[in-house]
Student: 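I have a structure I would like to understand better, so I am pasting it below and will then ask my questions one at a time.
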2 protein chains.
Amino acid sequence: MSKKAATKKTSKKAAKRSAPGWDISPADALRWTPEVDVRTMDCAGTPGFTGTRKDGEKLLAERAQELSDLQERLFAEGRSGGTRSVLLVLQGLDTAGKGGTVRHVVGLVDPQGVAIRGFGVPTAEEREHGYLWRVRNALPKPGYIGVFDRSHWEQVLVARVEGLEPEEEWSKHYDEMNAFEAEVAASGTVIVKVALFVSPDEQKARLAARLEREDKYWKYNPGDLKTRAKFPEYLDAYQDMLTKGSTDVAPWHVIPCDKKWFSHLAITELLTNALRSLDLGWPPADFDVEEQKKLVAAA
Amino acid sequence: MSKKAATKKTSKKAAKRSAPGWDISPADALRWTPEVDVRTMDCAGTPGFTGTRKDGEKLLAERAQELSDLQERLFAEGRSGGTRSVLLVLQGLDTAGKGGTVRHVVGLVDPQGVAIRGFGVPTAEEREHGYLWRVRNALPKPGYIGVFDRSHWEQVLVARVEGLEPEEEWSKHYDEMNAFEAEVAASGTVIVKVALFVSPDEQKARLAARLEREDKYWKYNPGDLKTRAKFPEYLDAYQDMLTKGSTDVAPWHVIPCDKKWFSHLAITELLTNALRSLDLGWPPADFDVEEQKKLVAAA
């Protein structure tokens, strides 16, 4: 207990410097702990953040420059023989805001350094392989920020709730996926796992809103109501995913998403933290700078 | 002649409505014509645009919203069974600004709807196939804006100038690539081909600048000076590419790039025009809206 308190204190100090508006650091505030039960949590909450919406939006705008700068350093490192990368894994029920996160958070950085991959229903070719095959093929290359819109974790969510696999199958996947992620992390990829939670009421409002405007119809899928009818089963599956899939190298973070401004800010902070943790410099010149200056002057 | 004049007049009228600062429409002003010789052109020019840098930057900022809206419509169409897409092909010598174009122009839209592909030296696997194989695999899916950073056209640029193929080989590629692009266009992809030109003096200044700051070293490659030494040969190859590779369905556009603000504005306008040409609406609901409203209300 005292050790934990000490950690929190240090984080708090660091957070005061780097994250105005945050009472404790975003990573600490949002990282899943056994006390967090997503079946009863407040999806309109802003854990760790004491500021207003205006404060949050201002902070997000301020982060844009730093995030963009860090991303360029990562990209430069990848171009210069580095092997590190970042992988943002997004999970969440319909309307929780995965798409908006990509647009508003990932959209802050140079698209050249980003590789976004959505995981829908597996194709025929994908079904011929194990469920990790397509995931492995989609891992970010050195220097890149990879983004998974849904991921291998669907194998203990949709596959479980919709009965696509028997329990004896899907229950094995937690350990398999943890081992897989440990391997990915060891190869130089910082994994940021983020689960987005919207309340049933807010989901209802967002689905209804898609039926009110013709520019939103394309986002509406009648099948979403079938998924909605299994909200409690999905939350059970999510709770188990968080419990069994949170590891030291790849912990889950839990984001309340009823307030979009908060979820965008929170995920921006987590992504920024991940990039900061790499302590990225600029690659040194692998040529003689003074000599090249002379050659350019004469060219 | 009179027909051409009439076309220009119409375009001018349209441009006055839609592109303040442009004397003639960007597409007309920038599309390659036989009178354009890139060996003698003014790379600091702003053809068609009569505004100042400030005007250009203001206009670019204004375009962001429209471009983003059009991209979302295209994406929505792709998600709803549509087959159309847009492909932006970027060619240009080192330092002309291909990377900056992706960052500043393509970065204006939702990264989820963009697929960026760079074409460097072919890999071993790629060399086992014809030069169009990897290009075909990288074509944008329905609903996407694809971006080629270099492209199949290198096969009549670097392959020609560096002697990677004999003339009897590379000289066949113009017709092959035109036929390939006609096929791609017929399948529903609007192709926007853009060649970026920087003057030798500005290139020298940009190379020198990369040696002045440690955060730019990674962009510097001593090999760029070897390419620079062949500037005239490359311009000959570019001129032939423009002459032989400009077709009705996939014309080349020529962008003077010594002024970065102009090149970003010009390419933004061309991309916006391409999306406008699709006359994109919003996909109609493929479900009964009123029925779904009731179901959501009861869910």
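The figures here come from the full heavy-atom set of this structure, side chains too, leaving out hydrogens, waters and symmetry mates. Within every chain, numbering begins at 1; the chains are lettered A, B, ... in the order of the sequence lines, protein sequences first and strands thereafter.
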Student: Examine distances only and state if a side-chain atom of A/Lys204 and a backbone atom of B/Ala297 form a donor-acceptor pair shorter than 3.5 Å.
Tutor: yes
Student: Show your working on side chain to side chain contact (heavy atoms under 4.5 Å, CB included) between B/Arg210 and A/Val296 and close with a plain yes or no.
Tutor: CA-CA 11 Å; B/Arg210 291 179 179 177; A/Val296 168; over 6 Å; no
Student: Compare every heavy atom of A/Arg103 with every heavy atom of B/Gln112, then report the nearest pair and how far apart it is.
Tutor: NE2-N, 4.1 Å
Student: Quick one: which of A/Ala76, A/Pro283, A/Gly107 has the most heavy-atom pairs under 4.5 Å with chain B, could you say?
Tutor: A/Ala76
Student: Give the interface residues of residues 212-231 of chain B toward chain A, defined by a heavy-atom separation under 4.5 Å.
Tutor: B/Glu212, B/Glu214, B/Asp215, B/Tyr217, B/Trp218, B/Lys219, B/Tyr220, B/Pro222, B/Leu225, B/Arg228
Student: What part of A/Leu211 gets closer than 4.5 Å to chain B, counting heavy atoms only: side chain, backbone, both or neither?
Tutor: both
Student: Non-hydrogen atoms of chain B under 4.5 Å away: do they reach the side chain of A/Val114, the backbone, both or neither?
Tutor: neither
Student: Take atom NZ in A/Lys293; do more than 12 heavy atoms of anything else shown fall under 6.0 Å from it?
Tutor: yes
Student: For the candidates A/Ala299, A/Ser80, A/Ser68, which exhibits the highest count of non-hydrogen atom pairs separated by less than 4.5 Å from chain B?
Tutor: A/Ala299
Student: Of the listed residues (A/Val109, A/Ile116, A/Asp149), which shares the most heavy-atom pairs with chain B below a 4.5 Å separation?
Tutor: A/Ile116
Student: Drop me the distance from B/His104's NE2 to A/Asp110's CG, to the nearest 0.5 angstrom.
Tutor: 8.0 Å
Student: Using a cut-off of 6.0 Å, state whether more than 12 heavy atoms not belonging to A/Arg79 lie near its atom CZ.
Tutor: no
Student: Counting only heavy atoms closer than 4.5 Å, note whether B/Ala115 contacts chain A via side chain, backbone, both or neither.
Tutor: neither
Student: Return the option, out of B/Gly281, B/Pro200, B/Gly99, B/Pro284, with the maximum number of heavy-atom pairs under 4.5 Å with chain A.
Tutor: B/Gly99
Student: So does A/Arg117 have more than 12 non-hydrogen atoms from other groups sitting under 6.0 Å from CZ?
Tutor: yes
